Amino acid sequence: MSYSTLQMERLDKGIVWVSIDNPPANAISDALVDDLDRLLTELEADQSARVLVIGSNHPKNFVAGADLKMMTQNASKFAGQGGAIRDAASRMQHVFDRIAKFPRPVVAAIHGHALGGGCELALACDFRFMSGGTIGLTEVSLGLIPGAGGTQRMTLLLGRAKAAELIFFAKRLSKEEAEAIGLITKAVEPDRLREEVLAFAQDLSERAVFAMGLAKQAMDAALPIDGGLRVEAENFERTFSTGEPLEGIAAFLQKRPAKFLKDTAAKA
Ligand code: COA
């Protein structure tokens, strides 16, 4: 199967290394979501694919999040079509959920910025190795909320108070900061990322990977997030009725700070 936004390498010991390759920013476009969906269908059925690694070919970004340029166009295209933005978020959630539920282990190899949806994608993996850039759920700085599982998976991973701090302040953490709070598995030197991830993936692959898949399923059964994902997708759409994304996304694209607080000073 061929993919326009992914490059797939089949390595020794059943390791499949998939690099996201979606220039210019490695943002999450519809084409990337479709490719990931098809890739998961291919690899789920292929039992020789024992460990999946997700990395990136972009020089600076792991994944820059949802495609904000596409989102601006879609917001006007979808205006008045109740549920269309929610459905787009649900589609991204569905594909990231397939990564989370992939029946063998999945490792994220993060060499650069993993922001917004990029962080959500990394959170859907079982393990995160990081060598550079920043990681965080940055959506609130744009007037949005995480819409691809981030509100659920970050809260489960770090607890409610830490997740609230990181999400409300749209924190971008270095690899050292992310490792200190357990957001990533391990911070590594930039020139050692591939080597370290490969050694880790090989160690996994030599073990009982099908048992790991079944253990994953059982762990997740204790923490069903379907209800939370539904609210997340609905509220992602509701952000557009607050007017905040209009300011937040415009400010980002115009490379200026967002001004959400209107001037309320009483005129003399
Ligand atoms: N969607 C669409 N385009 C994006 C993008 C995104 N998520 N992130 C970056 N880009 C574009 C920028 O608009 C810019 O385009 P331009 O050259 O037409 O101006 C280009 O990619 C380079 O971005 P720039 O910010 O100049 O590069 P940088 O190396 O200084 O910073 C990032 C890279 C990823 C740290 C920064 O672009 C960023 O913070 N992006 C937004 C991340 C985010 O909050 N994502 C969540 C979305 S919900």
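What you are looking at is a predicted structure, and each value in this text was computed from that prediction instead of being measured. Just follow the structure's listing: the first ligand is 1, and inside any ligand the first atom is 1.
With a heavy-atom cut-off of 4.0 Å, T134 does not touch ligand 1 at all.
Of the possible donor and acceptor atoms, one in the side chain of E177 sits under 3.5 Å from a partner among the backbone N and O of S174. With K175 contributing its side chain and G133 its backbone, the two residues share no donor-acceptor pair below 3.5 Å.
Remark: atom 6 (C) of ligand 1 lies closer than 4.0 Å to at least one protein heavy atom. At least one protein heavy atom sits closer than 4.0 Å to atom 15 (O) of ligand 1. At a distance under 4.0 Å, no protein heavy atom can be found next to atom 31 (O) of ligand 1. Distance check for atom 46 (C) of ligand 1: a protein heavy atom is found below 4.0 Å.
At least one N/O-N/O distance between T138 and ligand 1 falls below 3.5 Å. Remark: ligand 1 and N61 share no N or O pair separated by less than 3.5 Å (distance only, no angle test).
Following chains of ILVMFWY side-chain contacts shorter than 4.5 Å, one can reach L123 starting from L40, so the two form part of one hydrophobic cluster. Note on L198 and L43: separate hydrophobic clusters, where clusters join Ile, Leu, Val, Met, Phe, Trp and Tyr whose side-chain heavy atoms are under 4.5 Å apart, directly or indirectly.
In this structure, the protein non-hydrogen atom closest to atom 38 (C) of ligand 1 is F252 CE1, 3.7 Å. If you check which protein heavy atom lies closest to atom 10 (N) of ligand 1, you get A25 CB, 3.7 Å. Summary of contacts: the protein heavy atom closest to atom 1 (N) of ligand 1 is L68 N, 2.9 Å. The protein non-hydrogen atom at the shortest distance from atom 18 (O) of ligand 1 is K69 NZ, 2.9 Å. Among all protein heavy atoms, the one lying closest to atom 29 (O) of ligand 1 is K60 NZ, 2.8 Å. Atom 35 (C) of ligand 1 has its closest protein heavy atom at H113 CD2, 3.6 Å. Protein heavy atom at the shortest distance from atom 42 (C) of ligand 1 is A64 O, 3.4 Å.
Using bins of under 30°, 30° to 60° and over 60° for the plane-to-plane angle, the ring pair F200/F129 lands in the tilted bin.
Within ligand 1, the atoms closer than 4.0 Å to a non-hydrogen atom of G116 are 46 (C), numbered from 1 in the order shown. Each of the atoms 48 (S) of ligand 1 lies under 4.0 Å from some heavy atom of E139. Counting the atoms of ligand 1 from 1 in the order shown, those under 4.0 Å from a heavy atom of L142 are 44 (O), 46 (C), 47 (C), 48 (S). Set against the non-hydrogen atoms of D67, the atoms of ligand 1 under 4.0 Å away are 1 (N), 2 (C).
Residue contacts with ligand 1 include K255, since one of its heavy atoms falls under 4.0 Å from the ligand. R172 counts as a contact of ligand 1, since one of its heavy atoms falls under 4.0 Å from the ligand. Under a 4.0 Å heavy-atom criterion, A66 is in contact with ligand 1.
In this model, a donor atom of one side chain and an acceptor atom of the other lie less than 3.5 Å apart for T151 and E232. Using modelled atom types, one finds no donor on one side chain facing an acceptor on the other under 3.5 Å when comparing D21 with S19. Inspection of the Q202 and D12 side chains reveals no N or O donor paired with an N or O acceptor under 3.5 Å. Side-chain N/O atoms of T185 and R128 include no donor and acceptor closer than 3.5 Å.
Put simply, the residue from T5, D67, N22 that forms a side-chain hydrogen bond (donor to acceptor under 3.5 Å, both in side chains) with S29 is N22.
The environment of CD in Q217 is sparse: at most 12 heavy-atom neighbours from other residues, nucleotides or ligands sit within 6.0 Å.
Distance check: Y3 OH to D37 CG gives 10.0 Å after rounding to the nearest 0.5 Å.
The side-chain heavy atoms of M154 and C119, taken from C-beta on, include a pair separated by under 4.5 Å.
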